[in-house]
K.L.:
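The structure is given below, and queries will be raised subsequently.
No hydrogens, no waters, no symmetry mates; every other heavy atom, side chains included, goes into these values.
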Amino acid sequence: MNPKISIIVPVYKVELYLEKCIDSILNQTFKDFELILVDDGSPDRCGEICDEYAKKDNRIKVIHKENGGLSSARNAGLDIAKGEYIGFVDSDDWIEVNMYEVLYNLCCDNDADIVSCKALNLYEGKDIVKRFNEKKIKLYEGKINILDAHYNREFNFSSCTKLIKTKKINKLRFKEGMISEDVIFMIKLYNQIERLVYTTEQKYIYFHRKESITTSGISFKRLDNLYHSIDLYNYLDNRYKNQVIKGAQGYSHGLAIEIVNEKTIFKNRKLLKNIKVIFQENKFLRKEKDIKISLFLQSPLLYCIIYRIGKEIKNIFKRG
């Protein structure tokens with residue numbers, strides 16, 4: 001008999017964190033699941049750790065594959081998943097003991113295609129972020145309402161905070177070779193569902209390592225985010241143009257501001273040039289009136305000089 005939930009965990013170079021992740025899943029109050037550990041060619045002991053756990057618990061399946069990245073590993077897990085629902089957990093994160101019980105019950109009670117919870121962000125070397133205590137549950141019905149809610153950031157685009165009906169995923173897969181792959185995957189998924197339930201309960205714990213992509217400086221790889229915004233427009237333009245253009249513009253603008261504020265771009269002329277080209281190709285940014293972006297497009301070098309001067313002035317006032 002097939003399990004109710006398939007939980008997919010891509011594994012790569014997380015030897016120090018993997019056991020905590022796996023234990024948090026195996027200790028779930030909801031027991032009817034399979035755990036698919038995908039060793040994505042990890043060069044450390046991760047593969048051995050996965051095999052050791054599989055010997056102790058018959059709910060665990062292990063895939064060993066050549067390194068192909070996070071999306072490739074998730075896709076490998078999706079290809080063999082047998083559960084009625086799908087969940088994703090990253091191997092350096094962990095989950096609350098009742099996460100899947102809460103999400104599964106909400107899914108069944110509301111006949112939802114997706115249930116999403118809130119996450120707690122923990123940063124390596126920093127104090128624990130205060131928890132969000134207020135508990136709210138909201139039901140979104142209809143594709144347009146779900147897309148609007150997503151673009152208004154009422155819930156995040158992470159696949160890890162979700163429980164998803166497998167039949168809704170069908171043949172949809174993560175785009176390989178890019179970071180922030182959840183964005184395109186979830187938008188395409190939202191385009192195929194009719195009911196989504198969101199709870200503000202913080203059941204997923206994101207652990208932000210200092211060396212991880214999300215906490216490192218801007219790089220060529222992180223520019224994938226701006227390409228995603230172009231892909232989103234091309235995918236949704238003919239379906240919900242009026243509903244998503246404003247949201248997509250805001251998404252692109254937010255990413256652009258984040259990038260031009262990054263101090264790491266100052267040290268890489270080639271990176272500066274690439275960012276400028278991408279900004280010019282992005283239809284949401286070409287007409288952007290924001291002073292920072294406009295100045296950056298005119299002269300990245302001048303922008304960097306003014307940015308540095310501005311930072312120094314702020315520091316002088318702080319020292320007061």
K.L.:
Assigning hydrophobic clusters by single linkage (Ile, Leu, Val, Met, Phe, Trp, Tyr; side-chain heavy-atom cutoff under 4.5 Å), is Val97 placed with Ile205?
P.N.:
no

K.L.:
Could you check whether any side-chain heavy atom of Phe185 comes within less than 4.5 Å of a side-chain heavy atom of Ser71, counting everything from C-beta outward?
P.N.:
no

K.L.:
To the closest 0.5 Å, what do you measure between CG (Leu16) and CG (Asp44)?
P.N.:
8.5 Å

K.L.:
Do Ile80 and Leu172 sit in the same hydrophobic cluster, where Ile, Leu, Val, Met, Phe, Trp and Tyr count as joined when their side-chain heavy atoms come under 4.5 Å apart?
P.N.:
yes

K.L.:
So which pairs with a foot in residues 18-38 pass salt bridge (charged side-chain N to carboxylate O under 4.0 Å, His left out), sequence neighbours left out?
P.N.:
Glu34-Lys61

K.L.:
Cation-pi between Arg59 and Phe33: NZ/CZ under 6.0 Å from ring centre and within 45° of the ring axis?
P.N.:
yes

K.L.:
For a quick test of reading the model, state the closest non-hydrogen atom pair linking Pro43 to Tyr12 and the distance between them.
P.N.:
CD-CE1, 3.7 Å

K.L.:
Between Asn2 and Glu84, is any pair of side-chain heavy atoms under 4.5 Å apart?
P.N.:
no

K.L.:
Would you say Gln192's side chain and Lys168's backbone share a donor-acceptor pair under 3.5 angstrom?
P.N.:
yes

K.L.:
Show your working on side chain to side chain contact (heavy atoms under 4.5 Å, CB included) between Cys160 and Val89 and close with a plain yes or no.
P.N.:
CA-CA 5 Å; Cys160 292; Val89 179; 5.6 Å; no

K.L.:
Look up atom CG in Leu196 and atom SG in Cys107, then write down how far apart they are to the nearest 0.5 Å.
P.N.:
9.0 Å

K.L.:
With no hydrogens and no angle check, is any side-chain donor or acceptor of Ser6 less than 3.5 Å from a backbone partner on Ala81?
P.N.:
no

K.L.:
Do Glu96 and Lys203 meet the salt-bridge criterion of a basic N to acidic O distance under 4.0 Å?
P.N.:
no

K.L.:
Does a side chain donor of either His64 or Asp51 reach within less than 3.5 Å of an acceptor in the other side chain?
P.N.:
yes

K.L.:
So, the side chain of Asp113 versus the backbone of Glu194: is there a donor-acceptor pair under 3.5 Å, distance only?
P.N.:
yes

K.L.:
Could you check whether any side-chain heavy atom of Phe30 comes within less than 4.5 Å of a side-chain heavy atom of Val102, counting everything from C-beta outward?
P.N.:
no

K.L.:
Examine Tyr85 together with Tyr104 and report whether their ring centres are nearer than 6.0 Å.
P.N.:
yes

K.L.:
Which pair of non-hydrogen atoms, one from Ile8 and one from Gly77, has the smallest distance, and what is that distance?
P.N.:
CD1-C, 3.5 Å

K.L.:
Would you say Cys50 and Val11 make side-chain contact, with heavy atoms under 4.5 Å?
P.N.:
yes

K.L.:
Nearest 0.5 Å, please: how far is CD1 in Ile22 from CD1 in Ile60?
P.N.:
6.0 Å

K.L.:
Taking atom CD1 of Ile169 and atom CD1 of Ile164, what is their separation to the nearest 0.5 Å?
P.N.:
4.5 Å

K.L.:
Got a donor-acceptor contact below 3.5 angstrom from the Ser91 side chain to the Pro10 backbone?
P.N.:
yes

K.L.:
Contact between Lys13 and Cys46 at the side-chain level, heavy atoms closer than 4.5 Å - yes or no?
P.N.:
no

K.L.:
Can you find a heavy atom in the side chain of Ile7 that is under 4.5 Å from one in the side chain of Ile25?
P.N.:
yes

K.L.:
Please round to the nearest 0.5 Å and tell me the distance separating atom NZ of Lys138 and atom CG of Asn110.
P.N.:
14.0 Å

K.L.:
Just by distance, do the side chain of Thr161 and the backbone of Ala119 share a donor-acceptor pair under 3.5 Å?
P.N.:
no

K.L.:
Is it true that Tyr17 and Phe207 have ring centroids separated by less than 6.0 Å?
P.N.:
yes

K.L.:
Between Asp111 and Lys165 (salt bridge meaning N to carboxylate O under 4.0 Å), is one present in this structure?
P.N.:
yes

K.L.:
Do the non-hydrogen side-chain atoms of Met186 and Ile114 ever get within less than 4.5 Å of each other?
P.N.:
yes

K.L.:
Should the pair Arg45-Glu48 be classified as a salt bridge under the 4.0 Å nitrogen-to-oxygen rule?
P.N.:
yes

K.L.:
Is it the case that the side chains of Ser158 and Tyr206 hold a donor-acceptor pair, with the cut-off being a distance below 3.5 Å and no angle test?
P.N.:
yes

K.L.:
By ring-ring contact (aromatic ring centres under 6.0 Å, His included), which residues pair with Tyr53, not counting sequence neighbours?
P.N.:
none

K.L.:
From Leu103 CG over to Asn98 CG, what is the distance, rounded to the nearest 0.5 angstrom?
P.N.:
9.0 Å

K.L.:
Are Phe88 and Tyr204 an aromatic pair by the rule of ring centers under 6.0 Å?
P.N.:
no

K.L.:
I would like to know whether Tyr198 and Lys136 meet side chain to side chain contact (heavy atoms under 4.5 Å, CB included); could you show each step before the answer?
P.N.:
CA-CA 8 Å; Tyr198 171 63; Lys136 291 183 179 179; over 6 Å; no

K.L.:
Do Leu163 and Ile137 belong to the same hydrophobic cluster, where Ile, Leu, Val, Met, Phe, Trp and Tyr are linked whenever their side-chain heavy atoms lie under 4.5 Å apart, directly or via other members?
P.N.:
yes

K.L.:
Can you confirm whether Ile95 sits close enough to Gln28 that some side-chain heavy atom of one is under 4.5 Å from a side-chain heavy atom of the other?
P.N.:
yes

K.L.:
Take Leu35 and Val9, measure what side chain to side chain contact (heavy atoms under 4.5 Å, CB included) needs, and give me the verdict at the end.
P.N.:
CA-CA 8 Å; Leu35 172 57; Val9 179; 3.7 Å; yes

K.L.:
Taking the basic N atoms (NZ, or NE/NH1/NH2) and the acidic carboxylate oxygens, is any pair closer than 4.0 Å for Arg74 and Asp182?
P.N.:
yes

K.L.:
Give the C-alpha distance, both sets of side-chain angles, the deciding distance and a yes or no for side chain to side chain contact (heavy atoms under 4.5 Å, CB included) between Phe174 and Leu78.
P.N.:
CA-CA 10 Å; Phe174 291 90; Leu78 284 172; 4.2 Å; yes

K.L.:
Less than 4.0 angstrom from a charged side-chain N to a carboxylate O is my criterion; do Lys65 and Asp39 meet it?
P.N.:
no

